[in-house]
Amino acid sequence: MRDPRYDVLFEPVKIGPVTASNRFYQVPHCTGLGWRYPRSLAALRGVKAEGGWGVVCTEYCSMHPSSDNQPSNYAALWDAEDVCAHALMTEAVHDQGALAGVELWHGGSSTANLWSRLPTLGAGSWPLAHSSGDPVASRPMDKQDIRDLRGWQKAAAGRALEAGFDIVYVYAAHGYLLSEFLSPELNRRSDEYGGSLENRVRIVRELIAETRDAVGDRAAVAVRFNVSDEGCVEGLTVAESREAIALLADLPDLWDVTVPDYWREMGSSRFVKEAAQEEAVAFVKTMSAKPVVGVGRFTSPDTMVRQIKKGILDFIGAARPSIADPFLPRKIKAGRLEDIRECIGCNICYAHDNRAVPIRCTQNPTMGEEWRRGWHPERIARRHAEETVLVAGGGPAGLEAARALGQRGYAVTLAEAGAELGGRVSRESRLPGLAEWARVRDWRLGQLTKLANVEIYLESELSAAQVLDFGFQHVFVATGARWRRDGLGRQRTTAFPGSELANVLTPDDIMDGHRPEGPVLVYDDDNYYMGAVLALKLRAEGLEVVLATNEGRAGHWSRHTGEQEFTMAALIEAGVEIVTNHGLDSFDGSEVRLACVFSRRITARPAGSLLTITSRAPSDSLYLELAGDPKRLTEYGILSLSRIGDCAAPGTLAAAVYAGHRAARRLGDPRDEAAELPREQPCLG
Ligand code: ADP
Ligand code: SF4
């Protein structure tokens, strides 16, 4: 039964000529699918609507070939073929009683037009603003270009209507073309589109009018807009944000508001917490009678209710919470709060869109697989036979496998060597900034306690003989991985001289509570989060710390999760010295020798300890011993044996959870997996 405190979240809300059935609003968010994978996209959005989101939007959608974002997988509404593709999505969303929204986008100086090879258009002439760093600059738009832009928005809005969209956006945020016009720094125009705020806002006003002209009273017009608070270091000033909203106040049917700093809007949980934009967006409702949506990685229904009751928002906007749990609204509605799979704020979802590949999620392994594999976040096939399963290892892979196998109805036994479940995620979530990652374990534990057919044994380190003796029919080995001590990684393929010394440490040693001697040299060739997290931890404990990396910046890979710049800032602020472009040469117990990756020139650094963060080696001895004698497996009645997660191939948390889930789905499935993985062709014929 739903708690009446949450009733307010399920009230219908009018957005101009259309009405949302509740206040749950999936804002436009990237998926890495876009125009290339229309069926995958439609299925993904359809599942969100099924999960109870009253509004489901598609991702940024190019209005015209003068702005393409290849190699990223952006959406497009350029022609009739695109209309067909989007109609798949709007049908899937409408079938579930939700409204479908589209965010018409022109990237301005942010896109290199690598596909169309048309000149990039901008409010002025600027080198490309976003991360691609392509060596081109935009062409300043003249009056004809601006007339064209108005026409493109209007025509695309017309196509959006044909495709069945209920909400059509004017996208004036996130540094794209309209943000350039709004910006007092970038917009140096001397015509009626530059100078005063009224002039800079003109283009937004005109595009609202063009959109309204195209959609009439058949769809709502939304504006996505950046507003600033004192904490914002880019975009309009606080005063100009207010004035801009006042100038446009009731022209759109909906305000979708966010802060100018994208990395604050969707920062990882290491750096940004729930409802972080509250202060910045709170004023918008005082300036417009129109409904307001905003995001804040909301997963707590109490926080959501507070946003509504305090008059900050009318809609609870969400991208990541809806990715981690597409059924979040339904679970609140049914009073099943303990079943909500809360986002951990790791930004793996964004990282993969950023890499131009389909979305994935650490918490929700079915994300992006709704069409391709036919996976549903809540439903799973019944067991194929009344057979028994042993899962050895209770880390993310083992927990997810046991949970999903239990959901399928198998008699499952999960044995964990340690005194607690969660494996690496339990250990890592105790590191500074990573507390929310424990949600990966906690959600699975909560689900497992509801499954009477799953038995869990702690402090049960299994040997091969025990596994054979137990008599289970299927065995999944999920025994994880350990950090290497010998320095093998991307930069070194052989152990470094000195790796056997007692003051060479790994992240596992630190997580086991070992306190190193200072000064500590952290050598990071993993280049994700671990190096920076441990360097900051040791520094906070008062040790002198040098972070050396073979890359040009600390946390090089974490640029994909939007953490890299925060990481550098945090290290610099904490007084961690950063040595870039140097590989590990050797250690003599008191001095680390680093080699320049270009010149090979050696630099020596004094070190009381060397912490190597290079790569993890699979802990696969149990699996290898069992797999080494297939005849014996048959004699003991074992029908299948497999290794999953880090024990098979060390990777991200998302990969381990996915591996556990996939293994559970595949059990008893006779299909050849490779042959059954459909490759989606974008052409609908
Ligand atoms: P993954 O990310 O693949 O789930 P983890 O390293 O997080 O891997 O978890 C592996 C878990 O397996 C750890 O909790 C570890 O204690 C446990 N484990 C390792 N060897 C055994 C074993 N022989 N029997 C039972 N559990 C084991
Ligand atoms: Fe949240 Fe991480 Fe899933 Fe993204 S990948 S939705 S940040 S849990």
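Note that ligands are numbered from 1 as they come in the structure, with each ligand's atoms numbered from 1 the same way.
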Can you report which non-hydrogen protein atom sits closest to [atom], along with the distance?
atom	result
atom 1 (Fe) of ligand 2	Cys343 SG, 2.4 Å
atom 10 (C) of ligand 1	Ala478 O, 3.3 Å
atom 13 (C) of ligand 1	Glu416 OE1, 3.5 Å
atom 7 (S) of ligand 2	Asn347 N, 3.1 Å
atom 24 (N) of ligand 1	Leu462 N, 3.0 Å
atom 4 (O) of ligand 1	Ala397 N, 2.8 Å
atom 2 (O) of ligand 1	Asp646 OD2, 2.7 Å
atom 26 (N) of ligand 1	Ala417 N, 3.1 Å
atom 6 (S) of ligand 2	Arg320 O, 3.4 Å
atom 8 (S) of ligand 2	Ile344 N, 3.4 Å
atom 7 (O) of ligand 1	Arg424 N, 2.7 Å
atom 20 (N) of ligand 1	Thr479 CG2, 3.3 Å

_Nearest heavy-atom neighbours spanning Phe472 and Ile638_ = O-CG1, 3.5 Å
Quick check on contacts: which atoms of ligand 1 are under 4.0 angstrom from a heavy atom of [X]?
X	answer
Pro396	1 (P), 2 (O), 4 (O), 7 (O)
Ala656	2 (O)
Gly645	3 (O)

*Closer than 2.8 Å to atom 3 (Fe) of ligand 2, do we get an N, O or S atom from Cys361, backbone or side chain?*
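Yes, within the cut-off.
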Near [X], which atoms of ligand 2 are under 4.0 Å from a heavy atom of that residue?
X	answer
Thr362	3 (Fe), 5 (S)
Gly345	1 (Fe), 7 (S)
Ile323	6 (S)

*Describe, in one word, how the ring planes of Tyr74 and Tyr60 are oriented to each other, choosing from parallel (under 30°), tilted (30 to 60°) and perpendicular (over 60°).*
tilted
*asked:* Parallel, tilted or perpendicular, judged at 30° and 60°: which one describes the rings of Trp375 and Tyr658?
replied: tilted
*Taking the minimum heavy-atom distance to atom 5 (P) of ligand 1, which of Gly422, Ser460, Gly480 ranks first?*
Gly480
Assess whether a salt bridge exists between [X] and [Y], defined as any Lys/Arg side-chain N lying under 4.0 Å from an Asp/Glu carboxylate O.
X	Y	answer
Glu673	Arg662	yes
Glu338	Lys450	yes
Arg45	Glu59	yes
Arg632	Glu635	no
Arg666	Asp669	yes
Arg482	Asp508	yes
Arg372	Glu680	no
Asp526	Arg616	no

*How does Ser463 reach ligand 1, if at all, at less than 4.0 Å between non-hydrogen atoms: by side chain, backbone, both, or neither?*
neither
*Taking heavy atoms and a distance under 4.0 Å, where does Ala659 meet ligand 1: side chain, backbone, both or neither?*
neither
*For the residue pair Leu667 and Phe476, establish whether any side-chain heavy-atom pair is separated by less than 4.5 Å.*
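Counting from C-beta outward, Leu667 and Phe476 do come under 4.5 Å.
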*asked:* So, 4.0 Å and heavy atoms of Ala415: is ligand 1 close enough to count as a contact?
replied: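 Distance cut 4.0 Å: Ala415 passes for ligand 1.
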_Taking backbone and side chain together, does Cys349 place any N/O/S atom at a distance below 2.8 Å from atom 1 (Fe) of ligand 2?_
no
*Are the side chain of Gln473 and the backbone of Thr388 linked by a donor-acceptor contact shorter than 3.5 Å?*
yes
_Aromatic contact, Phe24 with Phe315 (centres under 6.0 Å)_ = no
_If I take every N, O or S atom of Cys346, is at least one of them less than 2.8 Å from atom 2 (Fe) of ligand 2?_
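Short answer: yes, at least one N, O or S atom is under the cut-off.
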